[in-house]
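These notes are about the structure you will find just below.
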Amino acid sequence: MKKAVIIGAGPAGITAAYELLKRSNEYEVLILEESQEIGGISRTVRYQGNRMDIGGHRFFSKDDRVTSWWDEIMPRQGAPSYDDKVLGRKVPLKKGGPDPEKEDRVMLTRNRVSRIYYKKKFFEYPISGKIIFQLDFLTLLSAGFSYLASVVRKKPEDSLENFYINSFGHKLYSMFFEGYTEKLWGRHPSQIAADWGAQRTKGLSIMGILKDMASKALPGKQDKHKVQTSLIEEFQYPKYGPGQLWETAAAEVEKMGGEIRKGCRVTGVCTADNRVTAVKYEKDGQIYTVEGDAFFSSMPLRDLVAGMPDVPKEEARIAAGLPYRDFVTVGLLVNKLNLKNETALKTLNHIVPDCWIYVQDVGVKLGRIQVFNNWSPYLVKDPEHTVWIGLEYFCDEGDKYWKLSQEKWVKLGTHELIKMGVISSEKQVLDSHRERVKKAYPAYFDTYGEIDRLITYLNQFENLFCVGRNGQHRYNNMDHSMATSFEAVDNLLRGKKGKENIWSVNTEKEYHEVKSGE
């Protein structure tokens, strides 16, 4: 029997293992996972009866293969969840689906609400036509003239800054994109490739917003043009967070005969005759070698290439220069938030309905606030009397923020929430927990612009498949990471040599999260 070795037990790695075992009896499958957790950045952290979703993960895709896969692993709810039942909220139910009050293996349908919190005001995220009614007259006038100026004189889209200015004008760029982007990446948008903005906001622009408003004002005219935004009104979500789905899928992998070894850090790759022959990994201070016939790598490209022998100088330089952004999540359990729910959405304890709150103010380091109660009431031990939030900070591994103790992180987060008016005092904080995440975001600067040369080099190893966010150094959503593994398994089982289909996932013009003309 042939052997497939998969590096990483995140979405891409688990998907590859599951698909290979389900679709073929030719391969035994081994997953090597560096940590002791399943799910990578999509894992769920358990703390004192509460759960943290690292980074926040909506389960939404226009890829039917992905949604069918999710349904197979975790069926959609057939009865209301706890908060829906208490509040009398109507949600789509699947006939015969599990009752989340009685069963755990269930996917919930949740409302998608994400807003920008800027100077103590909420704005829709992404920016929509409603912004016109939220800005004061002088700011609106300035934004309008700024956008007209960008139309008259388009800038070359050779940076993220120019991409945003062309799309929204300089005024809105400076308000809603410049500071937050610099927080996220640690670089000014003028130093970042435009790819990231184009990928994450496909089709979203001032003209798109105005067309969207016009189409809604003119019934029956919606089919005259395509309206594209990143807005999704509902999404699916596992009862206990994203990690639950990946832990469930991992258990299915093991049931089918797959093996998952945790605490195994891959340190080297052996090659011969344009093939990978084995990988070396470290576990408990010992180095082991495992041979195989096919290799799927979701480990960071920089680390993969660093462990390969005889890499040409230029390709080695490109790989070594690929940048990443790390982040820290500070979980705070509070008795209440000062933010008022002024929306029409009912919530337990009348908290704001947001899943994410994007913090654009540059006066604080805080980037985003997650409200775990709104992702799923089952993430919170006492959702009726406490609010469990995650404060997301972006930093670089080894910098002064990365090295802060948990106590100092909690103090910083609490102080910034008070400064922003989100809470009133330290006394509101009932408990806290900190999580650090390495290489959470592959970044689009430094040697990223030369990555095509590195991809060409890696593609010559016919039995090596680079999949997932870090495996391709691409800011993939979860469904995109899964799709790279679908394509890779397809290629392996069909004997297809070319890998263009694997690398082309999430480079298409139509984005998976786009609602077109709806």
Side-chain angles (χ1 to χ4, degrees), residues 55-56 58 111-136 138-140 142-144 146-147 160-161 163-165 167-185 188-189 192 196-197 199-206 208-210 212-213 228-233 235 327 329 337-345 347 351-372 374-375 387 389-394 413 416-417 419-423 441 475 513:
R58 298 191 186 100
N111 285 317
R112 180 241 198 252
V113 181
S114 294
R115 290 180 294 175
I116 293 168
Y117 193 65
Y118 179 71
K119 294 186 176 179
K120 299 188 178 182
K121 285 186 179 181
F122 279 111
F123 297 87
E124 275 198 3
Y125 176 87
I127 294 173
S128 74
K130 289 183 182 179
I131 195 172
I132 291 173
F133 306 107
Q134 294 177 282
L135 299 175
D136 63 75
L138 290 178
T139 303
L140 182 60
S142 175
S146 175
Y147 177 70
L160 188 56
E161 178 176 57
F163 169 82
Y164 280 139
I165 291 173
S167 299
F168 302 98
H170 198 281
K171 180 64 177 179
L172 291 182
Y173 156 73
S174 65
M175 290 174 65
F176 297 118
F177 297 98
E178 186 175 18
Y180 180 80
T181 301
E182 192 161 5
K183 279 188 198 181
L184 172 56
W185 297 114
H188 190 267
I192 302 173
W196 185 79
Q199 183 184 13
R200 302 301 287 183
T201 59
K202 283 190 172 76
L204 184 64
S205 66
I206 289 294
I209 288 169
L210 295 177
D212 188 21
M213 293 179 69
Q228 296 187 343
T229 75
S230 299
L231 296 174
I232 309 159
E233 299 204 351
F235 62 93
F327 87 106
T329 296
L337 300 177
N338 292 347
L339 305 175
K340 292 182 179 180
N341 181 9
E342 297 177 340
T343 73
L345 293 172
T347 57
I351 65 173
V352 287
D354 304 74
C355 302
W356 274 316
I357 298 172
Y358 290 81
V359 181
Q360 246 71 0
D361 289 290
V362 294
V364 294
K365 185 172 174 57
L366 179 59
R368 290 191 309 198
I369 303 172
Q370 281 198 79
V371 185
F372 296 119
N374 296 325
W375 289 95
V387 188
I389 58 176
L391 312 183
E392 296 186 357
Y393 289 89
F394 312 109
E416 292 197 335
L417 289 185
K419 181 178 180 179
M420 293 165 57
V422 177
I423 62 175
Y441 305 111
Y475 198 125
E513 286 195 4

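This structure is a prediction, so every number in the text was calculated from the model and none was measured. Heads up: numbering here begins at 1 and tracks the sequence.
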For a quick test of reading the model, state the closest non-hydrogen atom pair linking [X] to [Y] and the distance between them.
| X | Y | value |
| --- | --- | --- |
| Leu345 | Pro353 | CD1-CB, 3.9 Å |
| Leu339 | Tyr117 | CD2-OH, 3.6 Å |
| Val352 | Leu337 | CG2-CD1, 4.4 Å |

Applying side chain to side chain contact (heavy atoms under 4.5 Å, CB included), can you list everything that pairs with [X], at least two apart in sequence or on another chain?
| X | result |
| --- | --- |
| Ser146 | His170, Lys171 |
| Lys365 | Tyr393, Tyr401, Glu416 |
| Glu182 | His188 |

Please tell me if the side chains of [X] and [Y] come closer than 4.5 Å, counting only heavy atoms from C-beta onward.
| X | Y | value |
| --- | --- | --- |
| Tyr147 | Tyr173 | no |
| Val422 | Ile357 | no |
| Trp356 | Glu392 | yes |
| Ile369 | Leu391 | yes |
| Phe168 | Phe176 | no |
| Phe177 | Glu161 | no |
| Met175 | Ser142 | no |
| Tyr475 | Tyr441 | yes |

What residues form a side-chain hydrogen bond (donor to acceptor under 3.5 Å, both in side chains) with [X], not counting sequence neighbours?
| X | answer |
| --- | --- |
| Asp354 | Arg115 |
| Thr343 | Asn341 |
| Gln360 | none |

Determine whether a donor-acceptor pair (N or O, by modelled atom type, separation under 3.5 Å) exists between the side chain of [X] and the backbone of [Y].
| X | Y | answer |
| --- | --- | --- |
| Asp361 | Val364 | no |
| Asn111 | Asn374 | no |
| Arg368 | Gly55 | yes |

>> Ring-plane angle category for Tyr180 and Tyr358, please: parallel below 30°, perpendicular beyond 60°, tilted otherwise.
In response: perpendicular
